[in-house]
A.B. asks: 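Got a structure for you, questions after.
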Amino acid sequence: MSSSSNSPKHKTTGITWHIRDNGVIEDIDERDEITGISIPKSQVLRNGKASDHHAIYHIYVENDNKDNEENADDIHRWIVMKRFQDFKNFDKKLRSVIKDKDPTSLPIIPTLPPKHMKLFKNHLDYIFVEKRRLLLQEYIQDLCKHQLFRRQECTRNFLQID
């Protein structure tokens, strides 16, 4: 999330938010620890051997329900950096948890963008990374629209809450 001045502030009681292009999530109440999410940035890390090069996606997470002792009007924000494989592992874990807790909700878990073989796609190509970033942003925003998914421990761990 960027902290631009044209981003509306939505701090009220009850359920007030709707997901928009800026990553604000709907059906938020004071128990939610994820009130906004986006992936506005990615970067390619080229360290050591070519096989060690990879893309990192910057997930901007907001929680306007968190008490901030310095300024109660501030929105608590943080950035989590993940590789595509991290998303894949998270998706697998979430599906496993939901299958055990609420199997009827499995069909509404959004589909993770497909994994492409590196043999056929250059995973470090700017266009490839940017398309994947947009698809991952759509995935995580769609996922966080649902209380059941955004409040799961595995989601909280993935987004480094606490």
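Quantities reported herein were computed from a predicted structural model and do not represent experimental measurements.
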A.B. asks: Taking the side chain as C-beta and beyond, is there a heavy-atom pair between L124 and R46 under 4.5 Å?
C.D. replies: yes

A.B. asks: Can you check whether Y57 reaches Q137 side chain to side chain, under 4.5 Å on heavy atoms?
C.D. replies: no

A.B. asks: Say you draw a straight line from CZ of F87 to CG of L112; how long is it, rounded to the nearest 0.5 Å?
C.D. replies: 8.0 Å

A.B. asks: Please round to the nearest 0.5 Å and tell me the distance separating atom NE2 of H53 and atom CG of L45.
C.D. replies: 9.5 Å

A.B. asks: Check the pair V97 / E153 against side-chain contact (heavy atoms from CB on, under 4.5 Å), numbers first and verdict last.
C.D. replies: CA-CA 9 Å; V97 168; E153 183 179 350; over 6 Å; no

A.B. asks: Restricting to non-hydrogen atoms, name the atom on K93 and the atom on C154 that form the minimum distance, rounded to 0.1 Å.
C.D. replies: CG-CB, 3.6 Å

A.B. asks: To the nearest 0.5 Å, what is the distance between OG1 on T155 and CZ on R150?
C.D. replies: 10.5 Å

A.B. asks: Could you tell me which non-hydrogen atom of I34 sits nearest to which non-hydrogen atom of L159, and how far apart they are?
C.D. replies: CD1-CD1, 3.4 Å

A.B. asks: Within this structure, what is the OG-CG distance for the pair S38 and L136, rounded to the nearest 0.5 Å?
C.D. replies: 12.5 Å

A.B. asks: Minimum heavy-atom separation for R132 and K115, please, with both atom names.
C.D. replies: NH2-CA, 4.0 Å

A.B. asks: Just so I know, are the side chains of I161 and W78 near enough to count as touching, which here means a heavy-atom distance under 4.5 Å?
C.D. replies: yes

A.B. asks: Can you tell if the side chain of I98 reaches within under 4.5 Å of the side chain of Q152, non-hydrogen atoms only?
C.D. replies: yes

A.B. asks: Linking I/L/V/M/F/W/Y whenever their side-chain heavy atoms sit closer than 4.5 Å, directly or via other members, would V61 and L134 fall into one cluster?
C.D. replies: no

A.B. asks: Rounded at 0.5 Å granularity, tell me how far CG in L135 sits from OH in Y139.
C.D. replies: 12.5 Å

A.B. asks: Compare all side-chain heavy atoms of I37 with those of L143 and state whether any distance is below 4.5 angstrom.
C.D. replies: no

A.B. asks: Is a salt bridge present between R83 and D86, judged by a nitrogen-to-oxygen distance below 4.0 Å?
C.D. replies: no

A.B. asks: Do Y126 and V44 have side chains that get closer than 4.5 Å, going by heavy atoms?
C.D. replies: no

A.B. asks: So, for P113 and F84, which heavy atoms are closest and what is the spacing to 0.1 Å?
C.D. replies: O-CZ, 3.3 Å

A.B. asks: Nearest 0.5 Å please: distance from the NE2 atom of H54 over to the CD atom of Q43.
C.D. replies: 8.5 Å

A.B. asks: For residues L148 and I108, determine if any side-chain heavy atom of one lies less than 4.5 Å from a side-chain heavy atom of the other.
C.D. replies: no

A.B. asks: Hey, mind stepping through K88 and D91 against salt bridge (charged side-chain N to carboxylate O under 4.0 Å, His left out) and telling me if it holds?
C.D. replies: CA-CA 5 Å; K88 197 170 165 154; D91 184 77; over 6 Å; no

A.B. asks: For I59 and F158, run side-chain contact (heavy atoms from CB on, under 4.5 Å): C-alpha distance rounded to whole Å, both residues' side-chain angles, the deciding distance at 0.1 Å, then the answer.
C.D. replies: CA-CA 10 Å; I59 307 167; F158 180 72; 3.9 Å; yes

A.B. asks: Might you work through the side-chain contact (heavy atoms from CB on, under 4.5 Å) test for I127 and K131, ending with a clear yes or no?
C.D. replies: CA-CA 6 Å; I127 293 172; K131 283 181 181 178; 3.8 Å; yes

A.B. asks: For atom CD of E130, is the number of surrounding heavy atoms from other residues, nucleotides or ligands below 6.0 Å larger than 12?
C.D. replies: yes

